[in-house]
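First the structure, in the form of C-alpha cells, and then the observations on it.
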Amino acid sequence: MTKYILGIDSGTTSVRSFVIDESAAVIGFGQQEITQHYPRPGWIEHDPKQILGTQLEVMRAALRDAGVQPSDISAAGITNQRETAVVWEKSTGEPIYNAVVWSSRQTVPVVEKWVEQGLGDLIQERTGLIPDAYYSASKIRWILDRVNGAQERAERGELLAGTIDTWLIWNMTDGQSFVTDVSNGSRTMMMNLQTLDWDDELLGHYGIPRHMLAKIVPSDANFGDLEPTFGASITIGSDLGDQQAGLFGQAAFEQGQCKMTYGTAGVLNINCGQSPQRITGLTPSVGWTVQGKTAYEIEGVLFAQGKTMQWLRDDLQLIHAAPDSEWYAGQVKSTDGVYLVPAFTGLSAPTWDPYARAAIIGISNATTRLHIIRAAVESMVYQTRDMVEAATADGSVTIPELRIDGGAVKNNLLCQMQADILGIPVIRPKNHEATIFGAMLLAGLSTGIYGSLDDLSNMWSVERVFEPQISTDEADGLYAGWVAARELTKGWTKKLPQHD
Ligand code: ADP
C-alpha cells in the first residue's frame, strides 16, 4: 500500500500544506495567505487563531487535492516561522495577545533593559545568541508585561507560551502534546546550547516561569497524534524551524555541507557537526537532533537579497519583474566598477551595522541602467561571499560546495556568478521546496517509512551544477572592490547632521 506524508508549513506570509507519496512525489497542495497586523510602525503581529484556522484549511485542501483520506496518511511533519511567540490560556486555548512576529521590533526596549542589567554575556554564553528582539524570550516577556495580570496568571500555571510549532501541535492534538524541538528551542534565547533544555538561570532573569514552556524534544520525536483533528490516527513525526528544515531538505547531513536560500532575504545555514561553533558575525543554532545525534549549525541572515530586485522593480522602476534582471544584467560583461551595497536597513550578517545605508558607487558617464541592474544581482553574490568568508576565516569550517534554493535561484546568471565569486561549485537541486520537504522527509524517517539518512540523501537530486569559470585572482579582485564599497556604507546615518 502506498504511504503518504502530510507536510505542515506555517510561514510568515502564508501557510501551506503538501501531501507526498513515499517516492516524494507531490500529489496534493494547499496554500493561504495570513494577515500581517501592523499596530504601530515597526510592530508586526499575527492572529494565532487565524494561523491555526488557515493551517487546518490548507491541510484539508491538500488532502482533497491529493484525493486521499486522513486515514491514508502515515505521518505528518511540521516546519514553521521561527521565534514568533504566542501566550495562551491553558484552560480555554485563547491567546491573551496576538503572536509577536520574529521581525517585529516592539520588544527592543525589553532587550535593551536586559543588556543594561549586564545579562548580555550570560545570554550569549548560554544560548549562543547576541541578545536581540528577534528571539522569542523578549516577546513572551513583553506580552506578560502588556496584558494586565498576566505575570501572576503565568506564575499560577494558568498560561502557556510557545513558538508557532508548539501552538499548532498543542491545538491539533487537543492539548495532549505540549512540545517543541531543539531547532526551534535554539531560536528562543531561552535554550541552553549545551544541555538542549531551557536555561533556568536565564528564565529567572527574564521572569518567565518554566512551567509555561513546552518540553524540548529531538526533532524526530513523536510530537503527538492528529486524531483529535482528523478523526484518524496520524503521528506527527517531525518538527523543525524553517531554516533548519531547509538545511535538512537539502540533505546537508554532513559537517561542512550548507545551503543558501535566496528569497526576499537570504539565509545561509552551515552544518557544523556535533558541537556548537562560535563565529563572529554568524549565529550558532541547533540544526536538529535526529537518531540521537545533534547537528549544530551556524547561520547568517542577509536582510536584502531578492528584496533588492523588488526595489529595482517597484521604486526605481528599472525592471518590470524580478526575473528580468537576468536578461538586463547579461547585456553587459561587467558593471565597469559599479557596486550596489543594499544596506537599506543597515548591514546584516556578518558585518552587523545598523547605521549603514545602501549605496551605489563607481558611477561614471558611461554607466547605464544595465550596469546598475548587474550590480544589484552581483550584490546577492558578494553578500553571500561575505558570510562564507566569515564562516571559513579561522579554518574550523570548510565549505566544498553550496546548495541553493529560494525564488531567485531560477536566475542562472546569479547562480553562475555565485560559483565564480566563491570559487566552489554551486548546486541547484531539482526540488526547490527544501523547507517543507525537510520536515516531511524527517517525518517519514522517524516513522519508519524511510530506513536511513542515506535513503533521504538518495532522494535529493541535482538539477544543475554551476562550476566556477573565472580565476581565483579575478574573483578576489572583484570581491575586493565589493569590500571597499561595503566599508564606505558603514556608519552612514551617524555621519549625517542630526535632525530634531
Ligand atoms: P520569500 O519566500 O522570501 O517571499 P521567494 O523564495 O519566493 O521569497 O523569492 C522571491 C524573491 O526572489 C523576491 O524578492 C524576488 O525579487 C526575487 N526573485 C525572484 N525571481 C528572481 C530572479 N529570476 N532573479 C532575481 N531575483 C528574483
Side-chain angles (χ1 to χ4, degrees), residues 7 9-16 18 29 31-36 44 46 58 79-84 101-103 134 164 241-247 249-250 259-269 299-331 335 340 342 344-345 348-349 358 369-370 372-384 403-419 421 426 428-429 431-439 463-464 466:
D9 178 0
S10 193
T12 309
T13 53
S14 72
V15 296
R16 310 191 312 152
F18 276 62
F29 175 64
Q31 175 163 17
Q32 273 191 49
E33 303 260 311
I34 56 169
T35 314
Q36 312 294 314
I44 308 173
H46 288 159
V58 300
T79 179
N80 56 286
Q81 53 162 320
R82 307 172 304 172
E83 297 123 11
T84 299
V101 176
W102 57 271
S103 52
Y134 280 118
I164 295 298
D242 52 13
Q243 297 307 326
Q244 290 95 330
L247 188 65
Q250 287 271 23
K259 70 90 176 144
M260 176 74 201
T261 303
Y262 301 79
T264 307
V267 190
L268 175 73
N269 297 76
E299 178 171 321
V301 176
L302 301 172
F303 296 153
Q305 278 288 67
K307 177 92 193 148
T308 312
M309 298 302 139
Q310 295 169 15
W311 182 68
L312 292 188
R313 183 192 63 196
D314 302 336
D315 301 293
L316 294 193
Q317 301 182 351
L318 291 185
I319 53 178
H320 289 294
D324 296 348
S325 60
E326 182 172 356
W327 184 85
Y328 286 113
Q331 299 308 299
T335 64
L340 187 158
F344 301 112
T345 53
S348 48
R369 72 167 168 164
L370 300 176
I372 308 268
I373 295 166
R374 189 174 174 103
V377 176
E378 288 187 356
S379 74
M380 297 169 82
V381 165
Y382 292 130
Q383 290 192 104
T384 304
R403 298 182 174 188
I404 59 171
D405 53 60
V409 302
K410 293 190 191 82
N411 186 326
N412 291 321
L413 183 70
L414 165 75
C415 301
Q416 184 57 53
M417 290 195 296
Q418 189 67 81
I421 291 300
V426 166
R428 189 166 67 190
N431 185 345
H432 293 185
E433 296 282 358
T435 306
I436 191 163
F437 268 76
E463 185 248 320
R464 186 163 166 189
F466 297 86

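Indexing begins at 1, ligand by ligand and atom by atom, following the structure's order.
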Query raised in the report: Should you measure from each heavy atom of G406, which atoms of ligand 1 turn up under 4.0 Å away?
Result: 6 (O)
Report task. Quick one: closest heavy-atom pair of Q383 and A304, and the distance? Result -> NE2-O, 2.8 Å
Requested in this report: For ligand 1, note which part of K307 has a heavy atom under 4.0 Å away: side chain, backbone, both or neither.
Outcome: backbone
**Report entry** Pair N269, Q244: side-chain N/O donor-acceptor within cut-off below 3.5 Å
**Finding:** no
Requested in this report: For F344 and A358, work out which heavy atoms get closest and say how close.
Outcome: CD2-CB, 3.7 Å
Query raised in the report: When rounded to the nearest 0.5 angstrom, what is the spacing between CD in E463 and NE2 in H432?
Result: 5.5 Å
Query raised in the report: Would you say K410 has any N or O atom under 3.5 Å from an N or O of ligand 1, going by distance alone?
Result: no
Report task. Measure across Q250 and P429 and return the closest heavy-atom pair with its distance rounded to 0.1 Å. Result -> OE1-CG, 3.4 Å
Requested in this report: List the closest protein heavy-atom neighbour of atom 4 (O) of ligand 1: residue, atom name, distance to the nearest 0.1 Å.
Outcome: T264 OG1, 3.2 Å
**Report entry** Heavy-atom nearest neighbour in the protein, as seen from atom 21 (C) of ligand 1, with distance rounded to 0.1 Å
**Finding:** A408 CA, 3.7 Å
Requested in this report: Classify the side-chain pair Q31/S14 by whether it contains a donor and acceptor separated by less than 3.5 Å.
Outcome: yes
Report summary line: The closest protein heavy-atom partner of atom 13 (C) of ligand 1 is Q310 NE2, 3.3 Å
Report summary line: OG1 of T12 to CG of N80, rounded to nearest 0.5 Å, is 9.5 Å
Query raised in the report: Can an N or O of G306 be found at a distance shorter than 3.5 Å from an N or O of ligand 1?
Result: yes
Report task. Around atom 24 (N) of ligand 1, find the nearest protein heavy atom and jot down its residue, atom name and distance. Result -> N411 ND2, 3.0 Å
Report task. Considering the heavy atoms of S325, write down every atom of ligand 1 situated less than 4.0 Å from one of them. Result -> 24 (N), 25 (C)
Query raised in the report: Given the protein's heavy atoms, is any one of them under 4.0 Å from atom 2 (O) of ligand 1?
Result: no
Query - Option whose closest heavy atom lies nearest to atom 22 (C) of ligand 1, chosen from S14, C415, G11, P323 - result: P323
Report task. For D405 and T261, test the side chains for any donor-to-acceptor distance below 3.5 angstrom and give the result as yes or no. Result -> yes
Query raised in the report: Where on A322 is there a heavy atom closer than 4.0 Å to ligand 1, on the side chain, on the backbone, on both, or on neither?
Result: both
Query raised in the report: Numbering the atoms of ligand 1 from 1, which are under 4.0 Å from a heavy atom of M309?
Result: 16 (O), 25 (C), 26 (N)
Requested in this report: Could you grab the distance from atom CD of Q81 to atom OG1 of T13, nearest 0.5 Å is fine?
Outcome: 9.0 Å
Query raised in the report: Considering distance alone, does some N or O of G407 sit under 3.5 Å from an N or O of ligand 1?
Result: yes
